[in-house]
Amino acid sequence: MPGFRRFRLFCQNLMLVFGCSFDFCGCLFSERINVLLVMADDLRTSLGCYGDSVVKSPNIDQLASKSQVFLNAYAQQAVCAPSRTSMLTSRRPDTTRLYDFNSYWRVHSGNYTTLPQYFKSRGYYTMSVGKVFHPGIASNHSDDYPYSWSIPAYHPASFQFEKQKMCKGEDGKLHANLLCAVNVTEQPGGTLPDMESTDEAVRLLKSRANDDVPFFLAVGFHKPHIPFRIPQEYLSLYPIEQMTLAPDPDVPRSLPPVAYNPWMDVRRRDDVQKLNISFPYGPIPKDFQLRIRQHYYAAVSYMDAQVGRLLSALDKLGLADSTMVVFTSDHGWSLGEHGEWAKYSNFDVTTRVPLIFYVPGVTTFLDWPGESVFPFIDVLTQSEYSFKNDKVIRNMVELVDVFPTVSYMAGLRAPEPCADVSFQEELCTEGDNLAHTFQHAERREDEEAISFSQYPRPADTPQVNSDLPDLKDIKVMGYSLRSWDYRYTLWLGFNPETFQVNVSDVHAGELYMLADDPRQDNNVYSDSDHSVMMKKMASLPHVSLIHLRENILFSLFHSLLYSFTSGMKTSRGKA
């Protein structure tokens, strides 16, 4: 079998280099590569392989060292259900029409094919563990079974306690706290959700190890999502006296009020309520900010350990040379940047996510049969480790690119690009197939590479439902475009009944020039930009969101950016 797998990997790599579909090679071999999709929840790019010097994430870093790492991957909306639905259908929120948690896309917008459903239709045995789709009505209370999965999705029994009073406070009583480091042996069942999910995922891997049918296994870890209910020993990795505040902890003076998220889900936790923080901009006390950051990083290390357990099992079962591993997150999380916490915005800290592709025979070659690929690294006992990323892509990519890329790299035909107005239900993608990026080292910045994100708001100023407005309450939609050089956002009037945006109704704008302002603290969008915008939009009708995003916003952003940068060059020339 090892020799056959090596021959198959050689064929796959050869076809990738020549840009061919793998389908036609079925006459050479019938065994297809397996897929292990691993998703974290609320994980920003706070990983060693993304340059974070504080975090301890050795198992994910080890995966990255044998993978292709996309350094600038962006979610389409920084909240769970819309982002996961968008990624798994390869349709943007404007197509799924899911901006909240309250609709099932198959009946709400269109019967769109999902990534696991596509693999299932091609003969794969598909399985879901933990949080892959967002649970509840957003996935029809079934995680989209039986469409997407061969067997019902698994959810850890201990997750039922996640929102209950499980955190021991200073008074010795149990509370529903934000900060919730626990003694695992004292928890119900002596376990935690991500531990249970890892156990089940390993069990499923063992059950499929010697099966001729290829598998697609998706594993969704709940951490570092709040509450930070994690094993208390992981806090020891981050001594509080060594923690630092965000480098830009204040709300920028130039930030439009509509762009600010008041982090209500954080405010509602028992320990945060005791702080009596004023709404909406009142800062969290600095000592508590440090503790939040400490707990977030500890949660990342805890989740990393579960990833390590999973990859180590894949390795020991002899599946590492026949299984593609894709690691990502649904969106990021603010850790005090811009005075914000949680997600719910268009800033990089909430929209930028890890995206790592391990493809055996493509991103790495195994020298010897039985070679250990992913030995488990216990971060609590092993302090010395070092990994290097040789294969990185710096240009902008998006989570809607995952579906076509995984399909192609696994040997299936990637879905064709959707039409401009893509509400039709046939299989297509609104993302790009990134397979070409595996062929050659990236040579230059691609100024045309753009990532789109968006976020809805119920009003121009922060209110209690600003973070998570129901569809009926959405009045403004913030469309954000990220390139190498800038992040540009327009907040436009939105009609939730018709799903149309009024392009002449500009509520606010944001422009961050990243060369001088990498943290996006200084909004240089001005009234003159607004005037130019109004003139350009005066003759435009109310249009569908899809048409707006693809055909209007892109050209408007570029024309305004050209005007802005030309003015800067002229000013510099005069100076």
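Keep in mind the model is a prediction, meaning the values are calculated, not measured.
Residues Gln77 and Ser86 bring no donor and acceptor atom of their side chains to less than 3.5 Å of each other. With no hydrogens or angles considered, no side-chain donor-acceptor pair links Asn140 and Tyr147 at under 3.5 Å. Using modelled atom types, one finds a donor on one side chain and an acceptor on the other under 3.5 Å when comparing Glu442 with Asn395. In summary, the side chains of Asp61 and Ser57 do present a donor paired with an acceptor at a separation below 3.5 Å, with no hydrogens or angles considered. Looking only at atom types and distance, the side chain of Gln187 has a donor-acceptor partner in the side chain of Arg229 under 3.5 Å away. A donor and an acceptor atom, one from each side chain of Ser158 and Thr191, are nowhere located under 3.5 Å apart. Using modelled atom types, one finds no donor on one side chain facing an acceptor on the other under 3.5 Å when comparing His134 with Asp330. Looking at Trp484 and Asp446, their side chains never bring a donor and an acceptor atom within 3.5 Å of each other. Judged purely by distance below 3.5 Å, without hydrogens or angles, the side chains of Asn346 and Tyr479 never pair a donor atom with an acceptor atom.
With Tyr112 as the aromatic partner, Arg91 meets the cation-pi criteria of under 6.0 angstrom to the ring centre and within 45 degrees of the ring axis. Under the 6.0 Å distance and 45° angle rule, Lys66 does not count as a cation-pi partner of Phe387.
For Trp105 and Phe133, the ring centers sit closer than 6.0 Å to each other. Ring centers of His108 and Phe499: under 6.0 Å apart, within the cut-off. The six-membered or imidazole ring of Tyr124 lies away from that of Phe216, with a centre-to-centre distance of 6.0 Å or more.
Salt bridge annotation for Lys131-Asp42: absent, with no cationic side-chain nitrogen under 4.0 angstrom from a carboxylate oxygen. Salt-bridge check for Lys56 with Asp304: failed, with every basic side-chain N at 4.0 Å or more from each acidic carboxylate O.
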May I have the step-by-step check of side-chain contact (heavy atoms from CB on, under 4.5 Å) for Leu335 and Val349, ending in yes or no? CA-CA 8 Å; Leu335 279 172; Val349 287; over 6 Å; no

Before you tell me yes or no, could you show the steps for Val213 and Arg208 under side-chain contact (heavy atoms from CB on, under 4.5 Å), namely the whole-Å CA-CA distance, both residues' side-chain angles and the distance that decides it to 0.1 Å? CA-CA 8 Å; Val213 177; Arg208 308 305 303 176; 3.7 Å; yes

Step-by-step side-chain contact (heavy atoms from CB on, under 4.5 Å) determination, Thr198 to Phe221: CA-CA 8 Å; Thr198 305; Phe221 292 114; 3.2 Å; yes

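Paired with Phe357 under the rule ring-ring contact (aromatic ring centres under 6.0 Å, His included), one option of Phe438, Tyr408, Phe327 passes, and it is Phe438.
Closest non-hydrogen pair, Met127 versus Phe215, comes out as CE-CB, 3.7 Å. When all heavy atoms of Ala201 and Val219 are compared, the pair lying nearest together is CB-CG2, 3.8 Å. Met195 and Arg309 get closest at one heavy-atom pair: O-NH1, 3.7 Å.
Listed for the Ser312 side chain is no donor-acceptor partner under 3.5 Å among the backbone atoms of Gly308.
Ring pair Tyr455/Tyr344 is perpendicular by interplanar angle, where above 60° counts as perpendicular and below 30° as parallel. Note on ring orientation: taking the six-membered ring where Trp is involved, the planes of Tyr238 and Tyr297 are tilted (angle from 30° to 60°).
Contacts of Arg122 classified as side-chain contact (heavy atoms from CB on, under 4.5 Å), with partners at least two apart in sequence or in another chain: Arg32, Tyr118, Leu412.
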